[in-house]
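The block underneath contains the structure these notes are about, expressed in structure tokens.
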Protein chains: 2
Amino acid sequence: MPRSPTPRRRATLASLAAELKVSRTTISNAYNRPDQLSPDLRERILATAKQMGYAGPDPVARSLRTRKAGAVGLVITEPLTYSFSDPAALNFVAGLAETCEQAGQGLLLVAVGPSRSVEEGSSAVLSAGVDGFVVYAAPDEDPYLQLVRERGLPLVVVDQPSDVPGASFVGIADRAAMRELADYVVGLGHREIGLLTLRLGNRDDADADGRAQAALVSSERLRDTPFRAQSERIAGVRDAMSAAGLGDDALTIVESFEHDAVSGGAAAELALTANPRITALMCTADVLALAAMDHLRARGIYVPGQMTVTGFDGVPEAVKRGLTTVSQPSLEKGRRAGSLLHQPPRSGLPVVDILPTELIRGRTAGPPG
Amino acid sequence: MPRSPTPRRRATLASLAAELKVSRTTISNAYNRPDQLSPDLRERILATAKQMGYAGPDPVARSLRTRKAGAVGLVITEPLTYSFSDPAALNFVAGLAETCEQAGQGLLLVAVGPSRSVEEGSSAVLSAGVDGFVVYAAPDEDPYLQLVRERGLPLVVVDQPSDVPGASFVGIADRAAMRELADYVVGLGHREIGLLTLRLGNRDDADADGRAQAALVSSERLRDTPFRAQSERIAGVRDAMSAAGLGDDALTIVESFEHDAVSGGAAAELALTANPRITALMCTADVLALAAMDHLRARGIYVPGQMTVTGFDGVPEAVKRGLTTVSQPSLEKGRRAGSLLHQPPRSGLPVVDILPTELIRGRTAGPPG
DNA sequence: GTGAAAGCGCTAACAG
DNA sequence: CTGTTAGCGCTTTCAC
């Protein structure tokens, strides 16, 4: 009975060697160091390899031997739906993917969504065959970040938290950037401001009514939030206001629990209801600002004539719609995070990389109406 | 001198065993089969593990041993920028990521962009430590798809090509769906139609002027295109037109080389110039249709009064703007592709899964003006 | 409950 | 140019 071209047992480097009566090294060389053997022999090897259905050295075995996985792990602790609906996050991933591509590395999305228990997510982190990790915008004390640290691999943290020992950091100066924007808004004459932020914690921490899309933020909640980037931006607004002699009561902070338009609209409505004298609605994210603008339009409130609206991120749609915002280089953040992993600094020391932001004076901010 | 808590050489299961004077099996059991040893012992093992900086069994070594990588590979042959700017592609990825998350699997983005040579991209495919592959919207004869097939792992092809031997397929009935839409448009009375499509091949194949954003499509180019989904949709339009007694000359086909608004606008312009009698602009993708609408507005051409515009995909922005289009379940495609890999059919045979589409009669189609 | 033995498939010296 | 020798770190029967 003739050999099947696709033998029961998958071909391995060893079986190929046996078949061809050469050593395993030679086969290995045929794939990894073509200059170490005669072209003829190599040709013959590749030919029988194909015929035996051998697609080349097993990646896993190679990884074990070389101690290189050829991939970096990306851990995003927010639900995927959030990240995939946020252009800033998406751009970040694109930038990271780009450098991975250039470095010939894979990008492993490590699954740690809320749909699994912490234990299950943990196993995903622990079983990721990667050479390093990027952790994107994790809250303080995040269990997965903790786990990643324990793996002891090179680690780059993006956006937050900014103080992970041993890890490099890529981010922006959230507080200063937001302050600059707030200085501008205050400079226009606004004295009662609404501030819309993305969620600062678990929904049920904030509101007994689990169905609410948005809620007023208490000072305790603000103090205790593990979402550093958001709270820094809020602090930036406060900085500008107190510099102008405005107290905390002039600022109405509302958090939106979801990343969508409905939630953003609800947050805007809540802010306006809580303090009807608000003349400016600042938002810690463009998605929120766009949702707020839609909501205001539906309510017949004209921007910027009757209400100033500002965002944060500088996503394309926001820029297109003339939103006054702060633009941050999301794509570049991804690239930096990638290079830090692919071409680590010679010192081996963690790097802190604060990228520049830019105030964009759009068409949605003006003097109080 | 006391042992350093972080020894030079990384701790392994074996070193832990030596330290604790138990067998390697026992350590392994402590992590993989907690019920196989006394809680006390397990506790002790985990404690010293932590102290020695051992984060658990090495994922790569485990993979080699168990023959499971715990991840699926996603190969997207289009440039990342395309995919990340196309909500339909994004939703697909989100759906796939979702099932991976639920299955506790990682999702490995395999880097095969155009920024690297085919050879380099190949190595990425060959060195991906995964249990299966999803190949998204690959052109016919794609070298990477070829390579993936040679790896001999479970494979799910999405959208195109639809006839990969041994692979499962997830997609939609492109031709029929587009025909339904075209029947509707023709039924409204349109007799001269412009058809905007995404690229059908390499740019330089089509046009000597490498700077052109768009080009008229010859029948040869259409016949030879490796992008099956696009050509099927075009065929659907033709079906409807010939059923109405309209010849090929009533259809002006233009391809847009880039995925962005500029390119889409240029394509629209080109179609209108090539045949000024066009009363309807059908597009094989919503991104194109939206760009066309923006362009028409800038030109002062009213939709649908003076021009009917239709899309394909049913992305949120299109629906929001009232585009008449065909909606396809992108998210669901991702989920299906994932389940096909995670819970393969008992038969082991390839599955062909054609998902339903829905004609959305928006506000952008009307009788010829 | 615990241990000994046998590899998973490969690459990296180092000799020849 | 080619072969020999040693593992990489782990899991898994199968005995004890």
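Quick note on labels: first sequence line is chain A, next is B, and so on, each numbered from 1. Everything numeric in this text was worked out from a predicted model, so none of it was measured.
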>> Mind checking if A:Val60 touches a base, just sugar-phosphate, or nothing, with heavy atoms under 4.0 Å?
In response: nothing
> So B:Thr99 and B:Arg336, side-chain contact (heavy atoms from CB on, under 4.5 Å) or not? Walk me through it.
Replying inline: CA-CA 9 Å; B:Thr99 61; B:Arg336 292 290 174 95; over 6 Å; no
> side chain to side chain donor-acceptor pair (under 3.5 Å) with A:Asn91: which residues, sequence neighbours excluded?
Replying inline: none
>> In the structure I gave you, are the side-chain heavy atoms of B:Glu150 and A:Lys50 within less than 4.5 Å of one another anywhere?
In response: yes
>> What contact category does A:Tyr54 fall into here, base, sugar-phosphate, or nothing, at under 4.0 angstrom with non-hydrogen atoms?
In response: sugar-phosphate
>> C:dG9, OP1 or OP2 - any side-chain N/O from A:Thr12 closer than 4.0 Å?
In response: no
> Which of these, A:Leu155, A:Val75, A:Thr77, sits in a side chain to side chain contact (heavy atoms under 4.5 Å, CB included) with A:Leu145?
Replying inline: A:Leu155
>> Need the bend value for the helix from C:dG1-D:dC16 to C:dG16-D:dC1: angle between end axes, 5 pairs each end, nearest 10°.
In response: 20°
>> Please find the pair of heavy atoms, one from B:Ala71 and one from A:Leu108, that lie closest to each other, and give the distance.
In response: CB-CD1, 3.9 Å
>> Assess the residue pair A:Val72 and A:Phe133 against the criterion (side-chain contact (heavy atoms from CB on, under 4.5 Å)); give the C-alpha distance rounded to whole Å, side-chain angles, the decisive distance to 0.1 Å, and a yes or no.
In response: CA-CA 6 Å; A:Val72 319; A:Phe133 278 102; over 6 Å; no
>> Which residues in residues 34-48 of chain A have a heavy atom closer than 4.0 Å to any atom of DNA chain C?
In response: none
> Can you check the B:Lys21 NZ to C:dT2 P distance for me, whole Å?
Replying inline: 17 Å
Distance-only donor-acceptor pairs under 3.5 Å for side chains of residues 38-48 of chain A, two or more places apart:
from	atom 1	to	atom 2	distance (Å)
A:Ser38	OG	A:Leu41	N	3.2
A:Arg42	NH1	A:Ala30	O	2.2
A:Thr48	OG1	A:Arg44	O	3.0
A:Thr48	OG1	A:Ile45	O	3.1

>> Go through it in stages, so that I can follow the logic: the residues are B:Val110 and B:Leu74, the test is side-chain contact (heavy atoms from CB on, under 4.5 Å), and I'd like the CA-CA distance, side-chain angles, deciding distance and then a yes or no.
In response: CA-CA 6 Å; B:Val110 180; B:Leu74 172 59; over 6 Å; no
>> Please determine whether side-chain contact (heavy atoms from CB on, under 4.5 Å) holds for the pair A:His342 and A:Cys100, giving the CA-CA distance in whole Å, both sets of side-chain angles, and the decisive distance to 0.1 Å.
In response: CA-CA 8 Å; A:His342 299 130; A:Cys100 287; 3.7 Å; yes
>> Rounded to whole Å, how long is the line connecting atom CZ of B:Arg67 with atom P of C:dG7?
In response: 15 Å
> In B/S/- notation, 5' to 3', how is nucleotides 11-16 of chain D contacted by protein heavy atoms closer than 4.0 Å?
Replying inline: BB----
>> Strictly below 4.0 Å, N to O, side chains only: are B:Arg67 and B:Asp131 in salt-bridge contact?
In response: no
>> My understanding is that only residues two or more places apart in sequence, or in another chain, count here; which of them pass salt bridge (charged side-chain N to carboxylate O under 4.0 Å, His left out) with B:Arg335?
In response: B:Glu98, B:Glu332
> Which whole-number value in Å describes the distance from B:Leu64 CG to C:dC8 P?
Replying inline: 9 Å
